[in-house]
Chemist: 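Below are the structure tokens for one structure; questions will follow.
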Amino acid sequence: MSGVAIIGAGGHGRVVASVLQAANREAAGFIDSGAPADLPLPLLGQDKDIPKLIEDGVIDSFIIGLGSVKGGASLRAKLFDGLIEQGLTPAVAIHPMAMLSHGVKIGAGSVLMAGAIINTGTSIGRNCIVNTGAIIDHDGDIKDHVHIAPGVICSGNVTVGQHSLLGVGSTVKQGVTIGANVTIGAGSVVLSDITSGATAYGNPAKIP
Ligand SMILES: CC(C)(COP(=O)(O)OP(=O)(O)OC[C@H]1O[C@@H](n2cnc3c(N)ncnc32)[C@H](O)[C@@H]1OP(=O)(O)O)[C@@H](O)C(=O)NCCC(=O)NCCS
């Protein structure tokens, strides 16, 4: 039976594997060019092996297992589009200890780690990461390929543009709009809108 390929067997990819396992959805294995030993699932091959793995019925879907790598969100986005072009379907992984309330929408290819809380009316785009213990309160609008790092708190009505990273432990005030391709520094407190392409950090978060 065909299964889910996790693209990348580093730390983030192995957490994705554990999310699928906790949700009783064992993945087929990892795709990686140089994976560490002692993986929790088989190493299926490298990127170049994907067409054969599809043809042989080993994989039919994927989740990007790259978290905070160099080139971050744009690399994750490029991979995402490329894998769909190759014929794979983006899968969704939601840890059973994530909490989703009424009306929450989760886009294809997104991953919700343990302890994530998504409140009513929030929409999460495609290929997003809502990492361990992150909170996105009501009516949030999180666009495609966004990484919400562990322990982030977004108040109600927060918008985050595509390809942006909210660094670990950052906090966003209600109603704030964060543009596309933004990096919010670890531990920052975002009190006002952040323009697309900016890096902002500190309390209150500022663009240096
Ligand atoms: C904001 C960030 C992108 C800046 O990275 P950078 O451009 O390489 O900046 P540097 O590390 O060279 O630091 C530049 C200055 O900003 C300060 N700074 C960096 N990050 C900061 C942060 N999060 N909060 C406050 N100050 C910060 C540094 O102390 C340094 O100050 P100095 O010039 O007085 O010494 C990075 O520090 C960061 O916080 N990234 C988020 C990482 C993360 O949470 N990833 C998720 C993992 S799952």
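Ligands are counted one by one from 1 in listed order, and the atoms in each one are counted from 1 as well.
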Chemist: Which residue from G67, P150, G11 reaches closest to atom 48 (S) of ligand 1 through any of its heavy atoms?
Modeler: P150

Chemist: Is any heavy atom of the protein nearer than 4.0 Å to atom 28 (C) of ligand 1?
Modeler: no

Chemist: Please indicate, with yes or no, if any protein heavy atom is found under 4.0 Å from atom 32 (P) of ligand 1?
Modeler: no

Chemist: Given the protein's heavy atoms, is any one of them under 4.0 Å from atom 44 (O) of ligand 1?
Modeler: yes

Chemist: Apply side chain to side chain contact (heavy atoms under 4.5 Å, CB included) to residues L53 and I31 and explain how you reach the verdict.
Modeler: CA-CA 10 Å; L53 289 163; I31 303 292; 3.5 Å; yes

Chemist: Under 4.5 Å between any side-chain heavy atoms of I59 and L44, yes or no?
Modeler: yes

Chemist: Indicate, as side chain, backbone, both or neither, the part of V168 found under 4.0 angstrom from ligand 1 when only non-hydrogen atoms are considered.
Modeler: both

Chemist: Can you tell which part of A186 has a heavy atom less than 4.0 Å from ligand 1: side chain, backbone, both or neither?
Modeler: both

Chemist: Give the ring-plane orientation class for H12 versus H147, where under 30° counts as parallel, over 60° as perpendicular and anything between as tilted.
Modeler: tilted

Chemist: Is the shortest heavy-atom distance from the side chain of L100 to the side chain of L112 under 4.5 Å?
Modeler: yes

Chemist: I'd like to check which ligand 1 atoms, numbered from 1 as shown, lie under 4.0 Å from a non-hydrogen atom of A149.
Modeler: 46 (C)

Chemist: With a cut-off of 4.0 Å, which atoms of ligand 1 are near a heavy atom of G185?
Modeler: 1 (C), 23 (N), 38 (C), 39 (O)

Chemist: Protein heavy-atom contact under 4.0 Å for atom 24 (N) of ligand 1?
Modeler: yes

Chemist: Would atom 15 (C) of ligand 1 count as contacted, meaning some protein heavy atom under 4.0 Å?
Modeler: yes

Chemist: Any side-chain heavy atom of I84 sitting closer than 4.5 Å to one from P90?
Modeler: yes

Chemist: Tell me: protein heavy atom nearest atom 47 (C) of ligand 1, and distance?
Modeler: S68 OG, 3.4 Å

Chemist: Considering all protein heavy atoms, does one lie under 4.0 Å from atom 37 (O) of ligand 1?
Modeler: no

Chemist: Considering only heavy atoms of G167, which atoms of ligand 1 have at least one such atom less than 4.0 Å away?
Modeler: 43 (C), 44 (O)

Chemist: Heavy-atom distance from atom 8 (O) of ligand 1 to the protein below 4.0 Å?
Modeler: no

Chemist: Does either side chain, that of N181 or that of S196, offer a donor lying less than 3.5 Å from an acceptor on the other one?
Modeler: no

Chemist: Where is the tightest heavy-atom contact between Y201 and G185, given as atom of each residue plus distance?
Modeler: CB-CA, 3.8 Å

Chemist: Who's the nearest protein heavy-atom neighbour of atom 3 (C) of ligand 1, and how far?
Modeler: T183 CG2, 3.7 Å

Chemist: Taking the hydrophobic residues Ile, Leu, Val, Met, Phe, Trp and Tyr, and joining any pair whose side-chain heavy atoms are under 4.5 Å apart, which ones share a cluster with V189?
Modeler: L191

Chemist: Side chain to side chain donor-acceptor pair (under 3.5 Å), that's the test. Do D137 and S155 meet it? Break it down for me.
Modeler: CA-CA 5 Å; D137 219 298; S155 252; over 6 Å; no

Chemist: Hey, is atom 18 (N) of ligand 1 touched by any protein heavy atom at less than 4.0 Å?
Modeler: yes

Chemist: Going by heavy atoms in the side chains, are V182 and T199 under 4.5 Å from each other?
Modeler: no

Chemist: Please state which protein non-hydrogen atom is closest to atom 30 (C) of ligand 1 and give its distance, to 0.1 Å?
Modeler: Y201 OH, 5.0 Å

Chemist: Which atoms form the tightest heavy-atom contact between G161 and V146, and what is the distance?
Modeler: O-CG2, 3.2 Å

Chemist: Test of understanding: given a 4.0 Å heavy-atom threshold, classify the contact between P208 and ligand 1 as side chain, backbone, both, or neither.
Modeler: neither

